[in-house]
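Since the structure comes first, as structure tokens, the remarks are kept for the end.
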Amino acid sequence: MAELFSVRMRASRGGTHTSGAERIVPDDEIETAAASLISRAMTHENGAPEEIKITVESLAGREILRLKPLRVIIPQAPALHVSHEIAISELVKAGVSEEAAKIALEAIISGASPAGGNMRGAMLVDATTGERLEPDGERGIRARAVDWAKEAETHISPAENELACTTPHFREALALATKAANAPEAVAELCISDDPHYTTGYVASRAFGYCRIASMKETGCRFGGRAFFVHKKNLDIDEYIGYMRKTPVLVNGNVEVLHADNK
Ligand code: PML
């Protein structure tokens with residue numbers, strides 16, 4: 001099999017992150033992947049960047065983990081208060097305490113970094129107490145080295161089409177959530193986009209899948225981010241961070257999408 005490379009883009013303006021994305025591709029697709037990531041950075045709704053960093057890194061010698069995408073469930077969430085209730089109840093179902101779920105949700109929608117803005121990566125949160133465990137509150141935890149397998153890229157099922165699960169946001173988030181759900185000591189994840197006009201978020205867990213929730217914030221709100229909930233008691237934080245940053249994951253398989261009736 002051809003050697004694979006991670007091609008990552010991070011764009012910023014005035015020191016503030018504007019967009020970021022990653023592809024895992026064979027060597028003869030590096031240039032195309034880099035060009036498409038640059039175009040994405042330049043046209044992002046967070047505004048034109050002043051700086052775009054592209055990192056190309058060989059994944060040779062690293063074992064590639066192949067995972068099936070989490071199952072996708074879409075509840076009815078017509079308004080902010082309903083969507084937040086659904087998110088909290090999904091987190092609780094997955095094993096997060098209500099207190100920890102509320103702490104993380106509140107932090108994400110009001111700026112989770114110590115300076116009061118968005119973090120560059122995700123919060124790491126003890127699922128029982130809500131204690132923040134990430135070593136650096138600005139940088140947070142970065143989930144890297146994850147993409148769809150090439151075979152999966154062009155396959156969008158009729159259900160995905162019908163339920164508008166075709167945005168790049170969705171597909172990238174589902175791949176990332178699939179990786180995160182398989183991390184050591186992972187309990188669940190909560191995500192709200194930091195794009196001001198993208199208000200759909202999700203709660204994901206290995207046991208219950210990817211619950212895609214509309215109206216997670218007001219349109220125009222610039223806050224957003226992720227919380228990875230873990231069991232602190234058994235956590236080896238270096239192992240966890242190593243998995244999230246370094247273990248290459250390719251997601252492949254049909255995306256199963258279901259509408260759910262709210263309980
Ligand atoms: C992000 O902006 O990176 C988060 C995207 C969340 C996508 C939610 C969805 O559309 O399912």
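Counting starts at 1 for both ligands and their atoms, following the listed order.
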Give a yes/no on ligand 1: does Thr200 have at least one heavy atom closer than 4.0 angstrom to it? yes
Options Tyr202, Tyr198, Phe170, ranked by nearest heavy atom to atom 10 (O) of ligand 1, top entry: Tyr198
Is there a nitrogen or oxygen of Arg212 sitting under 3.5 Å from a nitrogen or oxygen of ligand 1? yes
For Cys191, the ligand 1 atoms with a heavy-atom partner under 4.0 Å come out as 4 (C)
Side chains of Ser205 and Glu189 only: does a donor on one sit below 3.5 Å from an acceptor on the other? no
Atoms of ligand 1 less than 4.0 Å from His169 heavy atoms? 2 (O), 7 (C)
Atom 1 (C) of ligand 1: nearest protein contact (heavy atom, Å): Ser193 OG, 3.7 Å
Return all side-chain donor-acceptor pairs below 3.5 angstrom for residues 101-120, not counting sequence neighbours, or 'none' if the list is empty.
| residue | atom | partner | partner atom | Å |
| --- | --- | --- | --- | --- |
| Lys102 | NZ | Glu98 | OE2 | 2.8 |
| Ser110 | OG | Glu106 | O | 2.6 |
| Ser113 | OG | Ala115 | N | 3.3 |
| Ser113 | OG | Gly116 | N | 3.3 |
| Ser113 | OG | Gly117 | N | 3.0 |
| Ser113 | OG | Gly117 | O | 3.2 |
| Asn118 | OD1 | Gly224 | N | 3.0 |
| Asn118 | ND2 | Arg222 | O | 2.8 |

Could you walk me through whether Phe170 and Tyr198 pass ring-ring contact (aromatic ring centres under 6.0 Å, His included), step by step? CA-CA 11 Å; Phe170 165 73; Tyr198 200 91; 9.7 Å; no
Option set Arg171, Met216, Glu172, Arg226, criterion heavy-atom distance to atom 3 (O) of ligand 1, minimum: Arg226
Taking Ser83 for the side chain and Ser215 for the main chain, is one N or O donor matched with an acceptor at less than 3.5 Å? yes
Does NZ or CZ of Lys93 lie under 6.0 Å from the centre of the six-membered ring of Phe208, at an angle within 45° of the ring axis? yes
Looking at Glu22 and Arg144, is any side-chain nitrogen of the basic one under 4.0 Å from a carboxylate oxygen of the acidic one? no
Please state which protein non-hydrogen atom is closest to atom 8 (C) of ligand 1 and give its distance, to 0.1 Å? Tyr210 OH, 3.4 Å
